[in-house]
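Note that these values count all heavy atoms, side chains included, but never hydrogens, waters or copies made by symmetry. We name chains A, B, ... by the order of the sequence lines, and we start the count at 1 in each one. Please read these numbers as outputs of a predicted model, since none were measured by experiment.
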2 protein chains.
Amino acid sequence: MARKIAERSDIVPVLGEIFRERGFAGASLSEITQRTGLGKGSLYHFFPDGKEEMAKVVLDDVADWFETNVFVPLGTAEDPEVGIDHMFKATVSFFHSGRRVCLVGTFALDDTRDRFAEVIHAYFAAWTKALASALRRRGFGIKAARATAEDVVAGIQGALVLARSQDDPGVFTRAIKRLQARTKTAPAA
Amino acid sequence: MARKIAERSDIVPVLGEIFRERGFAGASLSEITQRTGLGKGSLYHFFPDGKEEMAKVVLDDVADWFETNVFVPLGTAEDPEVGIDHMFKATVSFFHSGRRVCLVGTFALDDTRDRFAEVIHAYFAAWTKALASALRRRGFGIKAARATAEDVVAGIQGALVLARSQDDPGVFTRAIKRLQARTKTAPAA
DNA sequence: TACAAAGTGTACTGCACGGTACAATGCTTT
DNA sequence: AAAGCATTGTACCGTGCAGTACACTTTGTA
């Protein structure tokens, strides 16, 4: 039997899209076999704990991506403004300009959260923390930095919901622009 | 056999909570029978089209509630500020200060959206429109009103995601306060 | 070339799912 | 009180589900 994939990680992006589209409960093994092109044998070979393990791997993959491409730059960029601008750029790109939904956000809303509570918590906590620290370095007061960071992260999530509900990615890209503007100057006390 | 309920509408709130907790795909008939206390016979008597009809009725119920308790006041309040403040109050109360999730938002994220696209679209469209018109009456420019309305509605949705991810309703109530503040004065052009 | 490990396909299991059928029971109306 | 409709419980249906078993093939290694 011909080998289909070299590594488990090759199919993780496909799994991600399926979970994004269907949610955890709605993602069926049959759809997963079809879209990955892998039989159940292979699937359970790579993910012995089944669907739950697949979702966990996908979540970790997303978290890693953000860690590397967003959170670290936020913290290490010489100029914090560069790091923040890069965050918005990476975010827009990751979410396909609002056409793609946030997997972590999707999982956070229903009881799927309980299965993956730690990862989900850590993801948003790391994001707000990294952004707040960059804002602080930009001259924001400690409270303003915290508040603005929460507003931005929540704003991104909400914009994804809104954009999808209106079937209009423009809702997302416009919201991003306004959120980005709010990171430029600290709000008046 | 003793009659359990007088009207179909009596169990709609229970159905709402189940869909909020489990999502559409995750809400099982067996859980619905248990938590409503109704057998399948009664359930299919009241909702001949099954789960899909139940969800539809719940969505319509939510939409009606917001129409009456939020959108209409936003449009009719003598003083628009009163209408807007009332919106935030009603919102906090409806979402149990961030402990309860938005059903429409939950449905919007995964493929459940496709089943109920019109209702979901209309809900958020009506909300942003009503809020924008109130902001206009408050003296916001037409673009600022539109933008702020989108920011607020998205901000609410995002705050619900964030609050749930952190298991901390405070995230929601704090976000609401900041969003409310932003409706007080039009942003600098 | 032999052998073990990794990877794959297929048939299968048991179960829970959404939904149906229908008889039994209550309620309302006359 | 009789009829007729609304409501309910239960048994049942076919289907698709997640997951397992296992034989088989490919690959890496020596």
Point to revise | Results of side-chain contact (heavy atoms from CB on, under 4.5 Å) for Ala77(B) - residues two or more places apart only | key: none

**Study point:** Rounded distance (Å) that lies between atom P of dC17(C) and atom CD1 of Ile32(B)
**Key:** 10 Å

Exercise for review: Using side chain to side chain donor-acceptor pair (under 3.5 Å) as the criterion, list what pairs up with Arg20(A), not counting sequence neighbours.
Suggested key: Glu17(A)

Review point. What parts of residues 47-58 of chain B reach DNA chain C, counting only heavy atoms under 4.0 Å away?
Key: Gly50(B), Lys51(B)

Practice item. Would you kindly give the CG-to-C1' distance between Leu29(B) and dC12(D), to the nearest whole Å? Key: 15 Å

**Study point:** Out of dT8(D), dG18(C), dT8(C), whichever nucleotide has its closest atom nearest the side chain of Phe46(B)
**Key:** dT8(D)

Check your understanding: When you match Gly41(A) and Glu31(A) each to their closest nucleotide on DNA chain D, which lands nearer the 5' end?
Key -> Glu31(A)

**Study point:** Interatomic distance, His45(A) NE2 vs dG7(C) C1' [rounded to whole Å]
**Key:** 5 Å

Check your understanding: What pairs with Asp49(B) under salt bridge (Lys or Arg N to Asp or Glu O under 4.0 Å), at least two apart in sequence or on another chain?
Key -> none

Practice item. Round to the nearest Å and state the distance from Tyr44(B) atom OH to dT10(D) atom P. Key: 18 Å

Study note, to complete from the structure: Gln34(B) CD to dG9(D) C1', in whole Å, measures 15 Å

Revision key, fill the gap. Contacts of Ala154(B) meeting side-chain contact (heavy atoms from CB on, under 4.5 Å) (sequence neighbours excluded), chain-then-number -> Leu162(A)

Check your understanding: If only atom types and distance count, is the side chain of Arg136(A) paired as donor or acceptor with the main-chain N or O of Ala145(A) below 3.5 Å?
Key -> no

Review point. If you look at every strand shown and take non-hydrogen atoms under 4.0 Å, does Ala25(B) touch a base, only sugar-phosphate, or nothing?
Key: nothing

Review point. Side chain of Lys40(B), base of dG9(D): donor and acceptor closer than 3.5 Å?
Key: no

Revision key, fill the gap. Atom CZ of Arg115(A) and atom C1' of dA18(D) are separated, to the nearest Å, by 11 Å

**Study point:** More than 12 heavy atoms of other groups within 6.0 Å of Arg100(B) CZ
**Key:** yes

Revision key, fill the gap. Side-chain contact check for Ser42(A): nearest option of dT8(C), dG19(C), dG19(D) is dT8(C)

Review point. What residues, two or more places apart in sequence or in another chain, satisfy salt bridge (Lys or Arg N to Asp or Glu O under 4.0 Å) together with Lys143(A)?
Key: none

Exercise for review: Could you tell me the separation between the CG atom of Leu38(B) and the P atom of dT8(D), rounded to a whole number of Å?
Suggested key: 5 Å

Exercise for review: Would you indicate, yes or no, if dC17(C) has its OP1 or OP2 atom less than 4.0 angstrom from a side-chain nitrogen or oxygen of Ser28(B)?
Suggested key: yes

Study note, to complete from the structure: Separation of dC22(C) atom C1' from Leu43(B) atom CG, nearest Å, is 17 Å

